[in-house]
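Comments concern the structure below.
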Amino acid sequence: MLIRTATAEDWPAIWAFLRRIVAAGETYTYPRDLDEGRAREIWMLEPPSRTVVATDPDGTVLGSAKMNPNHMGPGAHIAGASFMVSPEHGGRGVGRALGEHVLDWARAEGYKAMQFNAVVESNTRAVALWRSLGFEIIGTVPKAFAHPTNGHVGLHIMHRFL
């Protein structure tokens with residue numbers, strides 16, 4: 001698997017799975033009817049932030065991550081990130097590879113920690129992955145996420161020092 005900076009040519013492949021994941025309404029706080037233009041603005045970040053893709057040897061985009069300062073100004077030393085893996089390629093280690101890549105990037109860029117602001121508590125695979133990469137749940141906003149089948153569930157704030 002290769003992880004590299006995302007290009008404009010990667011967007012159609014990213015949009016294909018991002019659209020489905022967001023429309024399902026199970027893991028992201030984005031509007032379920034998010035349009036392509038706004039999705040591209042949110043996901044395809046400009047430096048000093050970064051968006052990457054994970055590809056297999058034939059160039060198929062398996063997943064993507066975006067990384068950025070979690071806050072501005074005095075809070076800009078804490079990184080944030082978001083991840084999406086194409087459902088067809090789940091369970092192959094793509095999320096872990098992207099997570100490790102993002103942590104390495106954040107360290108190299110001089111960030112002191114990484115924080116995820118809204119990990120849906122019913123997304124147990126993501127919670128387990130982030131815990132295995134050293135993140136802790138430092139708080140949960142109760143019933144903050146309207147899950148389409150589980151009703152209102154919590155949003156975890158997850159953190160780890162770098």
Side-chain angles (χ1 to χ4, degrees), residues 1 3-8 10-11 14-15 17-32 34-54 61-86 90 93-147 153-162:
M1 179 180 329
I3 298 177
R4 60 169 174 75
T5 300
T7 66
D10 295 316
W11 176 248
I14 296 168
W15 174 238
F17 59 81
L18 187 150
R19 177 182 65 236
R20 286 183 293 141
I21 291 167
V22 170
E26 297 175 345
T27 56
Y28 274 85
T29 60
Y30 301 148
R32 292 176 75 177
L34 184 67
D35 69 70
E36 183 177 3
R38 182 66 180 124
R40 188 178 181 134
E41 288 173 17
I42 291 169
W43 201 261
M44 299 296 284
L45 302 180
E46 298 292 327
S49 299
R50 187 169 181 227
T51 302
V52 297
V53 290
V61 175
L62 309 172
S64 182
K66 64 176 186 142
M67 55 215 87
N68 48 273
N70 196 38
H71 294 287
M72 297 181 287
H77 61 286
I78 308 298
S82 297
F83 304 82
M84 288 198 190
V85 174
S86 174
V94 177
R96 176 172 297 282
L98 286 167
E100 290 171 350
H101 179 86
V102 166
L103 288 167
D104 290 343
W105 171 85
R107 277 187 210 94
E109 291 294 311
Y111 288 97
K112 305 300 181 205
M114 182 166 283
Q115 177 179 314
F116 302 148
N117 299 325
V119 181
V120 178
E121 73 179 343
S122 59
N123 188 357
T124 56
R125 286 181 62 186
V127 172
L129 172 60
W130 304 138
R131 282 187 164 170
S132 77
L133 290 175
F135 286 83
E136 295 178 37
I137 297 170
I138 60 171
T140 302
V141 182
K143 299 187 179 199
F145 185 84
H147 192 281
V153 299
L155 286 174
H156 294 317
I157 302 164
M158 299 187 76
H159 175 274
R160 71 158 284 170
F161 287 107
L162 299 173

(message) Donor-acceptor check, side chain of Lys66 to backbone of Ser49, threshold 3.5 angstrom: yes or no?
(response) no
(message) Just so I know, are the side chains of Arg96 and Ser132 near enough to count as touching, which here means a heavy-atom distance under 4.5 Å?
(response) yes
(message) Looking at Arg32, I'd like to know if its CZ atom is crowded, meaning that more than 12 non-hydrogen atoms belonging to other residues, nucleotides or ligands lie closer than 6.0 Å.
(response) yes
(message) Test side chain to side chain contact (heavy atoms under 4.5 Å, CB included) on Val119 and Glu121; report intermediate values, then the result.
(response) CA-CA 6 Å; Val119 181; Glu121 73 179 343; over 6 Å; no
(request) For Gly95 and Leu129, work out which heavy atoms get closest and say how close. (result) C-CD2, 3.7 Å
(message) Restricting to non-hydrogen atoms, name the atom on Phe145 and the atom on Tyr28 that form the minimum distance, rounded to 0.1 Å.
(response) CE1-O, 3.3 Å
(message) Quick check against the 3.5 Å criterion: does Arg160 have a side-chain atom that pairs as donor or acceptor with the backbone of Ala113?
(response) no
(message) I need the minimum non-hydrogen distance between Ala6 and Val53, along with the two atoms involved.
(response) CB-CG1, 3.9 Å
(request) Enter the distance from His156:NE2 to Asn123:CG here, rounded to the nearest 0.5 Å. (result) 9.5 Å
(message) Are the side chains of Ile78 and His71 in contact, using a 4.5 Å heavy-atom criterion?
(response) no
(request) Taking Ser64 for its side chain and Val52 for its backbone only, find out whether a donor-acceptor pair lies under 3.5 Å. (result) yes
(message) Does any part of the side chain of Asn70, heavy atoms only, come nearer than 4.5 Å to the side chain of Tyr111, both counted from C-beta?
(response) no
(message) Within this structure, what is the CG-CZ distance for the pair Leu18 and Arg40, rounded to the nearest 0.5 Å?
(response) 12.0 Å
(request) Considering non-hydrogen atoms only, spot the tightest contact between Met158 and Trp130 and give its length. (result) CE-CB, 3.7 Å
(request) Apply the test side chain to side chain contact (heavy atoms under 4.5 Å, CB included) to residues Thr51 and Asp10: give CA-CA distance (whole Å), side-chain angles for both, the deciding distance (0.1 Å), then the verdict. (result) CA-CA 11 Å; Thr51 302; Asp10 295 316; over 6 Å; no
(message) Could you check whether any side-chain heavy atom of Met84 comes within less than 4.5 Å of a side-chain heavy atom of Ile14, counting everything from C-beta outward?
(response) no
(request) Drop me the distance from Phe161's CZ to Glu136's CD, to the nearest 0.5 angstrom. (result) 9.0 Å
(message) To check you understand the geometry: which heavy-atom pair defines the closest contact between Ala106 and Met114, and what is its length?
(response) CB-CE, 3.8 Å
(message) For a side chain to side chain contact (heavy atoms under 4.5 Å, CB included) check, start with the C-alpha distance between Ile21 and Tyr30, then their side-chain angles and the critical distance, and finish with the verdict.
(response) CA-CA 10 Å; Ile21 291 167; Tyr30 301 148; over 6 Å; no
(request) Please report the shortest heavy-atom distance between Trp15 and Asp35, naming the atom on each side. (result) CH2-C, 3.8 Å
(message) Assess the residue pair Val120 and Glu26 against the criterion (side chain to side chain contact (heavy atoms under 4.5 Å, CB included)); give the C-alpha distance rounded to whole Å, side-chain angles, the decisive distance to 0.1 Å, and a yes or no.
(response) CA-CA 8 Å; Val120 178; Glu26 297 175 345; over 6 Å; no
(request) Taking the side chain as every heavy atom from C-beta outward, state whether Thr29 and Leu155 have any pair of such atoms under 4.5 Å apart. (result) yes
(request) Give, for atom CG of Leu98 and atom CH2 of Trp105, the distance between the pair rounded to the nearest 0.5 Å. (result) 13.5 Å
